[in-house]
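Here the structure is a predicted model, which is why all the values come from computation and not from measurement.
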Amino acid sequence: MPAPKLPEKRWSIDLEKTIQEAHYADKALYNRRYAFKPESGKELFVVDTPPPYPSGTWHIGAVAQYSMIDVIARSQRLLGKEVFFPWGVDRNGINIEFTVEKNTKRKMKTYDRAEFLNLCETTIETFTQAMRDTARRVGLSCDFDREYLTDAPDYRSVTQSIFVELFKKGDIVEDLRPNIYDPVEGTTIADAEVERLPRKTKLVDVRWVCEDGEELVISTTRPEMICACGVVVVHPDDERYQHLVGKSVQLPLETAGRSTTVTVMQHPSVKSEFGSGILMVCSFGDQNDVAVFRELGLTPFQAIDLDGNMTEVAGPLQGLSVLEARKQATLMLEQQGALVQVVEREQEIPVSERGKNPVEIILLKEWYVRQTHIQDRMRELIEDITFHPPRNRQFLIDWMDNISIDWPISRRRWYHTEIPIWYSEDECRVVVPPAGSYVQPWRDHPPAGSRVLDRNTREDLGSFEELKSSLGTITGEEKVFDTWMDSSNSNLFVSGYLNHPDVFERAFPTALRPQGKEIVRTWLYYTLLKSTLVLDQPGFQHVWIDGLGMDPWGRKMSKSLGNGIDADSVLECGAGGRTGSWKVKGPDGSVSLRANKIGSECFRLWKACDAQVGDDFQINPEEIEKKYFGVLTKLFNVARFASQFEVPENLEHAPSELAPEDRWILAEFQSTMDQVRKSWENLDIYTATQALKTFGTGLLPSHYLEMVKSRLYDDDKAAAWTLHRIVRDFMSAFSPVCPFFTHHVSATVYGASAVEVDAFPASPLPELNPETEEGGRLCSLSTTLQDFNGRTWAAKKEAGIFLNQPIENMPIPEALEEFSATLTRMHQLV
RNA sequence: GGGCUCGUGGUCUAGGGGUUUAUGACGUUGCCUUGACAUGGCAAAGAUCGAGAGUUCGAUUCUCUCCGAGCCCA
């Protein structure tokens with residue numbers, strides 16, 4: 001037997017790592033393969049890679065998603081597109097501020113601002129490096145040399161320029177409005193950043209007294225807010241209380257600087273079955289209060305200050321924190337005999353997503369992006385975007401249906417992009433920087449080219465240089481942007497907006513936004529909002545939304561549940577012969593999971609063909625290995641087997657003397673390849689991978705190889721050509737899923753790497769394509785052929801004879817007449 | 001409380017108004033060291049497609065209700 005060109009007996013993790021390291025080590029070669037070359041003349045395909053936020057560990061579900069984004073990027077290259085698969089890192093935000101605060105046991109606002117920013121930057125850099133390593137370990141083919149960081153001047157300048165543009169157009173406004181505010185972290189937050197946590201709270205029934213002496217009972221969980229009460233409301237259909245409407249009632253607690261009574265009115269938002277069915281509306285206890293105040297045109301009270309303490313209006317409670325005030329208010333109500341009862345109940349309270357602190361709604365002057373006026377236009381533009389899977393469009397539209405207020409974009413934090421604006425001494429004019437510059441108004445002066453605008457009308461009054469002296473002492477804005485303000489122009493940035501106008505023209509709308517479904521309402525929504533406001537265009541051609549990675553029981557992975565699985569341990573499982581083991585807390589106690597080898601290729605193969613895009617997926621290393629490592633072994637063996645036969649000099653042109661079984665498998669292969677190409681074009685990873693897997697582990701080895709084995713050993717050129725042509729093209733088509741595996745096989749056996757192929761393999765014999773008469777006929781024989789082989793093998797087994805021994809009485813079906821010579825030899829039919 | 005998904009052999013999964021046999025994989029069981037492959041090959045068993053009702057000549061597939069899971073929102 002000739003020695004196979006592929007020397008290794010089987011695919012292994014160490015082999016994978018060797019290939020991988022070589023892959024990334026040669027930078028020139030790497031860039032030739034994967035760097036973005038907009039001048040190549042090919043159609044551009046820009047991927048708006050989600051820039052991961054470095055926080056120490058990278059969630060395995062996210063790593064799995066990134067590997068699928070890589071599959072898409074590679075498959076688009078295979079289809080001949082010029083792909084830009086950028087690598088960005090999202091480094092702005094409150095998380096890194098928290099980390100630094102925790103590490104140094106010191107609150108941000110006790111630092112000098114510049115000093116604190118330095119600390120954040122060095123800390124996040126160490127996390128960033130870990131992510132770069134994992135990205136390579138899972139095989140991402142990003143343009144790493146063009147790495148972008150969202151906290152770098154070039155990125156932030158785009159955010160600031162867009163702000164100035166929208167400010168001039170009037171799409172960004174400042175206003176005193178009720179804001180969701182985190183008093184512990186001292187910052188405003190957006191609707192989308194609020195989550196709800198169940199907590200025990202005390203529901204207090206308080207006795208209020210009308211002007212005519214009638215008593216009524218109102219239930220509230222927030223008695224400290226009585227001082228900010230603007231109205232008492234009942235449901236218009238609630239017959240019990242209609243006689244109260246229009247009456248005035250006494251506030252049961254002492255206040256200062258305000259009327260001591262409020263009027264009873266009607267409002268449909270009251271839940272009559274809740275408590276007594278009477279509701280006090282305060283500025284602001286919750287979102288409903290905001291709505292009622294607005295609808296009834298009431299003037300709100302400012303009851304809580306920026307530190308989360310009660311203000312003057314709270315009278316005796318002034319200066320107390322909200323929680324202390326609540327206790328004190330309950331006590332005072334009790335002493336006055338106004339307390340009817342206190343019931344402990346489970347309630348969901350709104351907290352900030354990042355800090356888990358109970359949030360308050362207070363009046364603040366903040367910056368807003370106007371968004372309610374543009375929803376209809378957005379909806380039209382979204383029609384032009386293809387969603388994968390299609391149903392996910394609905395997630396987005398559902399969220400848009402709930403948009404009722406503008407987007408507050410200013411934050412009172414530090415490690416974020418600064419709001420690029422200065423105010424004149426009389427506060428009537430503002431200074432904004434020119435496009436393309438990055439400024440830090442809290443410490444910089446306006447740069448050359450800055451303009452002076454009227455703060456209200458946005459009229460351009462002239463250049464800053466000329467008007468400087470008339471502005472008095474200017475003050476730089478201290479506030480910064482919500483991080484989504486940065487993230488929502490990632491597609492603009494990677495497509496070349498402002499920086500590469502020539503590329504941008506060809507690359508926008510950005511070809512693909514891949515992301516997880518948990519950030520549809522933030523990242524996706526805000527990005528589309530900006531594309532609409534800035535360019536009046538849909539932001540993307542395709543939006544590809546994957547599900548979440550779950551634990552082996554279908555639950556979300558979280559620190560508190562202790563059911564997380566570390567990504568690196570799965571990718572490294574099997575390296576150096578070390579097995580992997582994981583302790584995971586299941587619903588019925590701890591479970592030990594074990595695997596011998598997984599690695600990136602097996603991991604990617606699993607994610608590619610275990611479930612359809614968009615569904616949540618369960619991550620169980622044991623199953624990944626059992627179900628998919630065998631596939632790699634099988635494919636490797638097929639390639640290894642093929643590699644012992646000489647590779648024909650000309651693989652492009654088929655020899656004329658092909659045997660019927662060669663023509664048959666070529667027709668079948670073409671049918672598979674057609675399906676694969678269509679699937680890659682539709683970003684359908686699942687179907688493409690399934691088709692390849694089925695062919696490569698089924699029909700090809702079990703039937704075709706068995707049929708042509710003897711011909712191959714007899715040095716039959718047609719059989720060798722057919723087999724090699726199929727294996728080579730198979731590796732190309734499969735390279736998006738398993739780049740290192742296919743690279744190794746193709747480079748070793750055929751001297752050309754599958755990862756460099758930039759045209760989907762064409763059919764060698766178009767007359768055998770499945771849609772032709774001959775191709776269709778050959779494909780239709782497959783079932784009969786498989787059935788006959790199966791029956792023959794079974795019959796031999798039944799008879800207790802070896803497969804290479806002769807068997808009698810196995811008539812070849814008429815349909816397979818043309819294969820009779822081959823079948824007779826293969827099965828030793830007599 | 002509302003919205004959106006989902007519920008298919010032990011496990012995960014495909015499919016989808018009807019071709020007397022519901023896809024594939026893992027697991028299980030049995031057989032096999034056959035000129036690539038025992039980290040393998042071959043084969044078998046295993047599901048009335050969450051429950052109930054309706055539409056229909058016919059439903060696992062459509063509709064409704066219920067039960068269960070998940071996500072999002074209030």
Enquirer: So what does A:N620 hit on the nucleic acid, given a heavy-atom distance under 4.0 Å: a base, only sugar-phosphate, or nothing?
Expert: nothing

Enquirer: Knowing that exactly one of A:F645, A:F730, A:Y750 qualifies, which makes a ring-ring contact (aromatic ring centres under 6.0 Å, His included) with A:H724?
Expert: A:Y750

Enquirer: Give RNA chain B the dot-bracket treatment, 5' to 3': Watson-Crick (N1-N3 with N6-O4 or O6-N4) or G-U (N1-O2, O6-N3) under 3.5 Å, [ ] crossing, | other strand.
Expert: (((((((..(((.....[.....))).(((((.......))))).....(((((..]....)))))))))))).

Enquirer: Counting side-chain heavy atoms from C-beta on, which of B:rU39, B:rC12, B:rA36 comes nearest to A:Q618?
Expert: B:rC12

Enquirer: Name the nucleic acid region contacted by A:S12, choosing base, sugar-phosphate or nothing; use a 4.0 angstrom heavy-atom cut-off, strictly under.
Expert: nothing

Enquirer: Remember a base hit wins even if backbone is also touched, and classify A:E706 as base, sugar-phosphate or nothing at under 4.0 Å, heavy atoms.
Expert: base

Enquirer: Please verify the inter-ring angle class for A:F636 with A:F741; under 30° counts as parallel, over 60° as perpendicular, anything in between as tilted.
Expert: perpendicular

Enquirer: Under 4.0 Å from any atom of RNA chain B, heavy atoms only: list the residues of residues 621-630 of chain A that qualify, in numerical order.
Expert: A:E623, A:K626, A:K627

Enquirer: Using a 6.0 Å distance limit plus a 45 degree cone around the ring axis, check whether A:R513 lies over the aromatic ring of A:W523.
Expert: yes

Enquirer: Counting only side-chain nitrogens and oxygens, does A:S643 get under 4.0 Å of the OP1 or OP2 atom of B:rA36?
Expert: no

Enquirer: Of the candidate nucleotides B:rU39, B:rA25, B:rC42, which contains the atom at the shortest distance from the side chain of A:K597?
Expert: B:rU39

Enquirer: Identify which nucleotide among B:rU13, B:rA25, B:rC42 has an atom closest to any side-chain atom of A:Y686, counting heavy atoms from C-beta outward.
Expert: B:rU13

Enquirer: What's the gap between B:rU39 and B:rC26 when it is taken at their P atoms, as a whole Å value?
Expert: 16 Å

Enquirer: What integer number of Å spans the C1' atoms of B:rC49 and B:rC31?
Expert: 32 Å

Enquirer: Categorize A:F617 for me: base, sugar-phosphate, or nothing, with a 4.0 angstrom heavy-atom threshold over every strand shown.
Expert: nothing

